Amino acid sequence: MADKKKLLLIDGNSVSFRAFFAMHNVLDKFISGDGIHTNALYAFNNMLDIILKDEKPTHALVAFDAGKTTFRTEMFSDYKGTRAKTPPELMEQLPLIQEMLNLRGIKTYELKNYEADDIIGTLSREGEKDGMDVTIITGDRDLTQLTTDKVTVKVNIKGVTETEAYTPTHVKEKLGITPEQIIDMKGLMGDNSDHYPGVEKVGEKTAIKLLNEYGTMEGLYEHVDEMKKSKLKEHLINDKDQAFLSKKLATINCEAPIEVKLADVEYQGDNQEQLIQFYQKMSFNSFLEKMDVDTGETQAELPEIKFAELDAEAAKKIASSNKTQTLIVESLGENYHISPIIGLAVESEGNFYATTDVTILEDANFKSWLADGKKEKYVFDNKKTIALLNRYGCEFNGVSFDMLLVSYLLDTNNNKTDIGIVAQNYGHNLPNADEFYGKGTKRAIPEDEKVLMNFLCQKAQIINELHDKMMQELKDNDQDSLYDEIELPLSIVLASMEIKGVTVEAAKLKEMENSFAERLNTIEQKIYQEAGEEFNINSPKQLGVVLFEDLKLPVIKKTKTGYSTAVDVLEKLKDKSPVVQMILDYRQISKINSTYAIGLQKFIQQDNKIHTIYQQTLTQTGRLSSIDPNLQNIPIRIDEGRQIRKAFVPKHPDWEMFSADYSQVELRVLAHISGDENMQEAFKEDYDIHAHTAMRIFGLDTTDDVTPDMRRKAKATNFGIVYGISDYGLSQNIGITRKEAAQFIENYFEQYPGVKQYMDDIVKFARENGYVETIMHRRRYLPDIHAKNFALRNFAQRTAMNTPIQGSAADIIKVAMINMQKKIKDENLQANLLLQVHDEMIFEAPKEEIPILEKLVPSVMDSAVKLDVPLKVESAHGKTWYEAK
DNA sequence: CACGTCACG
DNA sequence: ACGTACGTGACGTGA
C-alpha cells in the first residue's frame with residue numbers, strides 16, 4: 001500500500017477565518033517587520049504542520065473564494081447578505097497565506113463565480129474516481145455533505161489545531177441522517193450565516209425528523225398533502241419554493257469547470273531556502289528553529305550556551321553585582337513543597353552560571369544575595385521559587401519581574417506553569433518539561449548534568465529576552481499597577497501561607513473515617529436488600545441499570561453515556577422507592593469519606609500540617625485556586641460534612657482559629673460598577689438585600705410583606721443576575737416555569753435599570769474590544785463573543801457579564817490580604833494568615849489577639865478598595881475551624 | 001484518560 | 001430552533 005495516493009483539500013477561506021479568531025487575542029503580538037498582522041498566518045501554518053504529519057498526502061490543494069459574486073448570488077441576490085465583512089487585519093494576511101502555502105509546496109486555486117466549496121467538491125470526486133483517499137479540512141460543517149467511504153471531512157473545533165473527523169458513519173451517528181441528506185436538511189432549515197431562509201419554524205431537529213420519515217425533500221413534498229393539519233404543514237406548504245431554492249444554494253457543485261488536474265496538485269514539500277527567508281521576514285522564530293532541528297531529537301539539538309559552574313567564586317561575583325540578575329531554581333516533582341531542587345542557574349551581567357550541586361545554598365554570599373530585597377531579580381514563578389528555597393534554609397526577596405505572573409495578566413489563557421510552554425506562546429523554541437525530561441515513566445533527569453545546566457541557562461536567557469516586551473505590553477494595557485501592587489506582592493503572601501501550612505489532626509479524621517465506614521456498610525446492605533441484588537453503588541452505570549431497568553423507575557434525564565443519576569434526578573424519584581433516599585445518603589457519606597476524611601490524611605506532613613498550593617495564574621476571572629489538596633471546598637453546607645472542619649486546628653492548643661468574610665461582595669461590586677441607584681441605596685442603608693429585591697420584584701410596599709419563599713426566589717434571582725441570567729437557568733434553579741422566570745427577570749430589570757444597562761453595555765464592550773476587564777484592569781479575552789455557534793456565543797456573553805463582577809471581587813480580597821499581612825507585621829502580631837476561600841480569610845492566633853483581630857481584620861477588609869457602596873465584613877472565632885463560623 | 005458526580009464560593 | 005446559569009478540584013468507574 002506504499003503507493004496509495006492521498007489527496008488533501010483545504011478550504012482556505014474558512015480555515016483562515018478560524019485561524020484568525022483562534023489567535024485574535026494575540027492580534028497585536030503578531031506583526032511582521034512591515035507592520036502586517038500575522039496571527040492567522042501563524043495559526044494556519046501550525047495547523048498545516050499537524051495535518052501534514054497526520055495525513056502524509058501525496059497530493060494537496062488549498063481552495064479560496066474568488067470574490068463576492070458567484071452563481072449562487074445570481075440565484076439569490078441576498079446570499080451571504082448579512083455576513084460581516086472580513087476584518088481588514090485578516091484581509092491583509094490572505095495573500096501571505098497563499099504565498100506561504102506555495103512555499104510549502106502546496107498549490108492554491110480559486111475560480112471566478114465559484115466558491116472554495118465547489119472546487120473542493122469537484123476535486124474530491126475526481127480524486128475518488130482515481131482511487132485516492134481524500135481528506136478535506138474546513139471550518140465549515142456544510143462540507144460534511146461531501147463525506148463518502150473514501151472522503152473524510154475534518155472540521156476544525158476549538159481553534160484550528162483540533163478537528164472532528166466526519167465519515168458517513170459519524171454523520172449518521174451525530175445527525176441521524178446520511179451525508180446526501182444534509183442538503184435536504186439545510187434546504188428545510190435554511191442557513192443563518194449564509195443568510196438564506198428555509199421553512200419557517202423548522203430547525204435541525206424538525207428537519208431531521210422529517211427526512212427520517214420521507215427520505216428527501218422531494219419525497220416529503222410528494223406526501224405533504226397527506227400530513228395531518230398542523231402549523232408545520234402550513235409552513236411547509238407556504239415556504240416550498242424557498243426550501244427548494246435553499247437546497248440548491250446549499251448544494252456543493254461537484255462539476256465546477258476547474259482547470260486544475262490532479263496531476264497538477266502533487267504535494268512538493270517545503271521550498272527550504274525561500275521558506276526560511278519568508279519565516280525570517282515574518283519573524284516566525286519557532287518555525288525557523290523547527291526547520292533546523294527537523295531531523296533529530298529536540299533535546300540534543302538545544303543550542304548551547306556558554307556557562308560556568310555556579311560555585312563560591314561565582315557567588316561572590318553575583319553577590320557583589322548591583323545589576324539585575326535572573327535566577328532559575330529547578331525542581332521536577334509534582335509538588336514543590338516536597339520535591340527536591342535539582343539545579344540552579346543565574347544570569348549575571350551577561351554571564352551564565354549553573355550547578356546541580358545544591359550545597360551552593362549554604363554559601364554565605366549566595367544566601368545573602370538571595371535574601372537581599374535591594375538586589376533586583378527576574379524569575380519565572382516567584383511563589384514557587386520562594387517555597388523551594390525556604391526548604392533549603394534560604395530567604396528570597398527582590399523580585400521585580402515574574403514572567404509567569406506577567407504572561408497570565410496579559411492573557412489569562414497563557415497561564416501554564418511551565419516556562420517552556422509560555423516561551424513557545426511567545427514564539428521562542430524552548431522545550432517544555434515533558435519535552436526535555438520526557439513524559440510519564442520515561443521522565444528522568446538527563447545523565448549528563450551539563451545538558452541540564454545548559455537547559456536552565458536557556459530558561460534564564462528567555463526570561464531576559466522577553467522582559468522588555470512583556471513589561472511594555474503590561475503598561476500598554478494599563479495593567480502595571482495590577483502587577484506591581486497586587487499580583488507580585490500577593491505571590492509573597494501566598495508563599496508564606498503555603499509554607500506555614502494549616503495544622504490538621506489526623507486522629508480526628510481517622511476517627512471520622514471509621515464511623516463513616518461503619519455507616520456506609522449498613523446503608524450498603526440495606527440498599528442491596530431493597531434492590532434485591534448486589535452491585536457497585538459508586539458506578540453510575542450499574543446504578544442506572546438497577547434504578548431504571550430493574551426497578552423500572554421513570555427516566556428523568558439522560559447523559560451522553562446513559563441514564564443520569566445525579567442528585568436533582570434522584571430528588572425527583574425519592575417517593576417512588578425507598579432505595580433512592582438510601583442512595584442519596586450513601587453518596588453523601590461516601591463523598592465526604594473518600595475526598596475528605598480519607599483524602600486529606602494523605603496530605604498531612606511530618607509537621608502535622610497540610611501545605612496546599614494556591615494557583616495564582618490559573619482561573620479566567622482572577623480568583624485563586626487551591627490544589628494538593630483543595631482547601632477551598634471543605635464541606636460546610638451539610639453538618640455531617642462540616643464536621644471535617646473540626647480537624648482543622650491552630651498550631652498551638654491555646655490558640656484559636658479566626659475567620660472573616662465579605663458579605664455579598666459580588667452584589668456590592670455589581671451595585672458599584674453598574675451604578676444602579678436602587679441597588680446602591682439598598683447597600684448604603686444596609687437593608688437585607690434579598691428581602692429588598694423580593695419587595696421590589698414582587699411589587700410590595702414594605703419588606704415586612706416578604707415571605708420566606710419570596711426571599712428565596714429573590715436570592716436565586718440575584719445570583720442568576722451575577723452569573724449572566726437566562727430564564728431557563730433560573731426556572732430550573734428555583735423550580736418555577738420558564739415563563740414565570742422570564743417575568744421575574746423582566747421585573748428585576750425594571751426595578752434595577754442600571755443593572756440592565758450594565759449588562760447591555762458590557763456585552764457591547766466585549767464585542768468591540770474582544771475582552772472585558774475588572775476594576776483593577778484584570779483582563780479576560782472572549783474570542784467566542786463573535787462565534788457563529790449560538791451556544792458558544794451565548795456563553796461568551798454570560799461570561800462578559802460575570803467576569804468583571806467575580807474578578808473585581810477577587811481583586812478586592814487580594815488587596816485586603818496584602819494589607820492584612822503588612823498590618824500583622826507592623827503591629828507585631830503573632831497571628832498567621834493561613835487560608836483564603838474567595839471571599840473569606842482564615843487565621844490562627846493566640847487567644848489574646850482575637851479581640852485585636854476582631855477590630856483590625858474587618859477594618860482592613862472593608863477599606864481595601866473604595867467603592868460607591870460600603871463593603872461589609874463578618875467575623876467569627878473558635879477552637880477549630882468548625883467553631884469559627 | 002474521559003466522564004459523571006459532587007464539594008466549595 | 002438553538003441550549004443554558006459563573007468560577008473551581010478531586011474522586012471512582014470503566015473504556
Side-chain angles (χ1 to χ4, degrees), chain A residues 188-190 192 198-208 412 440 536-544 557-570 584 587-588 590-596 598-600 602-603 612-615 618-638 640-642 644-645 661-662 664-666 716-717 719-734 738 741 745 780 788-795 797-807 809-810 813 835-840:
Chain A
L188 289 169
M189 64 185 272
N192 257 332
V199 177
E200 202 179 338
K201 297 281 181 209
V202 172
E204 193 176 296
K205 288 277 152 66
T206 317
I208 289 171
T412 47
N536 187 342
I537 307 167
N538 284 321
S539 162
K541 199 178 162 192
Q542 294 183 31
L543 178 60
K557 203 166 70 180
K558 289 201 126 196
T559 66
K560 266 191 267 194
T561 47
Y563 310 108
S564 169
T565 63
V567 249
D568 57 318
V569 172
L570 296 189
L584 283 167
R587 279 252 182 91
Q588 204 173 75
S590 150
K591 170 84 180 183
I592 297 165
N593 199 29
S594 64
T595 306
Y596 301 101
I598 299 176
L600 287 177
K602 298 177 196 148
F603 287 96
T612 185
I613 291 179
Y614 287 103
Q615 304 213 99
L618 181 134
T619 68
Q620 296 299 310
T621 54
R623 277 190 175 182
L624 300 174
S625 94
S626 157
I627 57 165
D628 296 327
N630 182 357
L631 293 184
Q632 291 183 317
N633 72 345
I634 304 301
I636 187 165
R637 293 173 192 168
I638 296 157
E640 260 156 349
R642 196 173 190 160
I644 294 285
R645 293 180 176 226
D661 66 289
Y662 284 111
Q664 290 124 15
V665 242
E666 294 195 345
T717 312
F719 272 103
I721 291 286
V722 168
Y723 295 153
I725 201 150
S726 79
D727 50 8
Y728 179 86
L730 183 62
S731 71
Q732 288 296 300
N733 197 299
I734 52 179
R738 200 171 161 160
I745 295 167
R780 178 174 185 175
K788 234 167 96 172
N789 180 299
F790 175 91
L792 282 181
R793 193 174 60 247
N794 267 352
F795 184 62
Q797 286 173 2
R798 289 199 297 274
T799 315
M801 301 182 221
N802 172 265
T803 296
I805 302 172
Q806 190 181 117
I813 194 166
L835 302 170
Q836 186 254 39
V837 192
H838 309 308
D839 62 358
E840 176 183 21

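As the structure is a prediction and not an experimental result, all values here were calculated from the model. A, B, ... follow the sequence lines: proteins, then strands. Residue 1 opens every chain.
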Checklist entry - Base, sugar-phosphate alone, or nothing: which one does A:N794 contact when heavy atoms must sit under 4.0 Å apart? => result base
Checklist entry - Whole Å only: how far is the CG atom of A:N802 from the C1' atom of B:dG9? => result 12 Å
Checklist entry - Paired with C:dG3: which nucleotide, if any, by Watson-Crick or G-U wobble criteria at under 3.5 Å for both distances? => result none
Item to check | Residue of the set A:D727, A:V722, A:I721 for which side-chain contact (heavy atoms from CB on, under 4.5 Å) holds with A:I725 | outcome: A:I721
Item to check | A:K201 or A:G729, whichever maps to the more 5' nucleotide of DNA chain C | outcome: A:K201
Checklist entry - What closest approach, in Å, do A:K201 and A:T206 show between heavy atoms, and which atom pair accounts for it? => result O-OG1, 4.4 Å
Checklist entry - When all nucleic acid strands are considered with a 4.0 Å heavy-atom cut-off, which category describes A:R587: base, sugar-phosphate, or nothing? => result sugar-phosphate
Checklist entry - Nearest heavy-atom pair of A:D568 and A:K557: which atoms, and what distance? => result OD2-NZ, 3.2 Å
Checklist entry - Looking for any heavy atom pair under 4.0 Å, which part of the strands does A:F795 touch: base, sugar-phosphate only, or nothing? => result sugar-phosphate
Checklist entry - A:I805 CD1 to B:dG9 P: how many Å, rounded? => result 19 Å
Checklist outcome for this item: A:Q806 and A:T621 have their tightest heavy-atom pair at OE1-OG1, 2.9 Å
Checklist outcome for this item: Ranking C:dG7, C:dT4, B:dT5 by distance to the side chain of A:R623, first place goes to C:dG7
Next on the checklist: At 4.0 Å (heavy atoms only), tell me whether A:V567 reaches a base, stays on the sugar-phosphate, or touches nothing.
Outcome noted: sugar-phosphate
Next on the checklist: I'd like the P distance from B:dC3 over to C:dT4, given in whole Å.
Outcome noted: 14 Å
Checklist entry - Within less than 4.0 Å of OP1 or OP2 of B:dC3, is there a side-chain N or O belonging to A:T559? => result no
Checklist entry - Are A:T565 and B:dG4 close enough that a side-chain N or O sits under 4.0 Å from OP1 or OP2? => result no
Checklist entry - To the nearest Å, how far apart are A:Q620 CD and C:dT8 P? => result 6 Å
Checklist outcome for this item: In short, A:G724 meets A:M801 closest at the heavy-atom pair CA-SD, 3.9 Å
Item to check | Length of the CD1-P vector between A:I644 and B:dC8, whole Å | outcome: 11 Å
Checklist entry - Say you pick atom P in C:dC2 and the same atom in B:dT5; how far apart are they, in whole Å? => result 23 Å
Checklist entry - Would you say A:S726 reaches C:dG3's phosphate, i.e. side-chain N/O to OP1/OP2 under 4.0 Å? => result no
Checklist entry - Just how far is it from atom OG1 of A:T717 to atom CD1 of A:I734, taken to the nearest 0.5 Å? => result 5.0 Å
Next on the checklist: Using a 4.0 Å heavy-atom cut-off, does A:G720 contact any base of the nucleic acid, only the sugar-phosphate backbone, or nothing at all?
Outcome noted: base
Checklist entry - Using a cut-off of 4.0 Å on non-hydrogen atoms, how would the nucleic acid contact of A:A741 be classed: base, sugar-phosphate, or nothing? => result nothing
Checklist entry - Could one point to a donor on the side chain of A:Q806 or the base of C:dC6 with an acceptor on the other under 3.5 Å away? => result yes
Checklist entry - Between A:T206 and A:T621, which is nearer to the 5' end of DNA chain C once each is assigned its nearest nucleotide? => result A:T206
Next on the checklist: What's the separation between atom CD in A:Q615 and atom CD1 in A:I627, rounded to the nearest 0.5 Å?
Outcome noted: 4.0 Å
Item to check | Residue pair A:N633 / A:Y596, side-chain heavy-atom distance below 4.5 Å | outcome: yes
Item to check | Distance in angstrom units between A:K558 NZ and B:dC3 C1', rounded | outcome: 16 Å
Next on the checklist: I want to check something: taking the side chain as every heavy atom from C-beta on, are A:L600 and A:I634 in contact at a cut-off of under 4.5 Å?
Outcome noted: yes
Checklist outcome for this item: Closest non-hydrogen atoms of A:I638 and A:Q588, given as atom of the first, atom of the second and distance, are CD1-NE2, 3.4 Å
Item to check | Nearest-nucleotide pick for A:V837, side chain only, options being B:dC6, B:dG9, C:dG7 | outcome: B:dG9
Next on the checklist: One character per nucleotide, please: for nucleotides 9-15 of chain C, 5' to 3', B when the base has a protein heavy atom closer than 4.0 Å, S when only the sugar-phosphate does, - otherwise.
Outcome noted: BBSSSSS
Checklist entry - Using Watson-Crick and G-U wobble pairs with both distances under 3.5 Å, what is the 5'-to-3' dot-bracket string of DNA chain B, with [ ] for crossing pairs and | for pairs outside the strand? => result |||||||||
Next on the checklist: If you define the side chain from C-beta out and look only at heavy atoms, does anything of A:R587 sit under 4.5 Å from A:L570?
Outcome noted: yes
Next on the checklist: What is the distance, to the nearest angstrom, from the CD1 atom on A:I636 to the C1' atom on B:dC6?
Outcome noted: 16 Å
Next on the checklist: Rounding to an integer number of angstrom, what distance separates C:dA5 and B:dG4 when you compare their P atoms?
Outcome noted: 14 Å
Item to check | Nearest listed nucleotide, side chain of A:R780, among B:dT5, C:dG7, C:dA5 | outcome: C:dG7
Checklist entry - Counting side-chain heavy atoms from CB outward, which of C:dG7, C:dA5, B:dC6 is closest to A:T799? => result C:dG7
Checklist outcome for this item: In whole angstroms, the gap separating P of B:dT5 from CD1 of A:I592 amounts to 18 Å
Checklist outcome for this item: Shortest non-hydrogen pair, A:R642 vs A:I636, comes out as CD-O, 3.5 Å
Checklist entry - Of all the nucleotides listed (B:dA7, B:dC3, B:dG9), which has the minimum atom distance to the side chain of A:Q588? => result B:dA7
Next on the checklist: I need the CG-C1' distance between A:N789 and C:dG3, as an integer number of Å.
Outcome noted: 10 Å
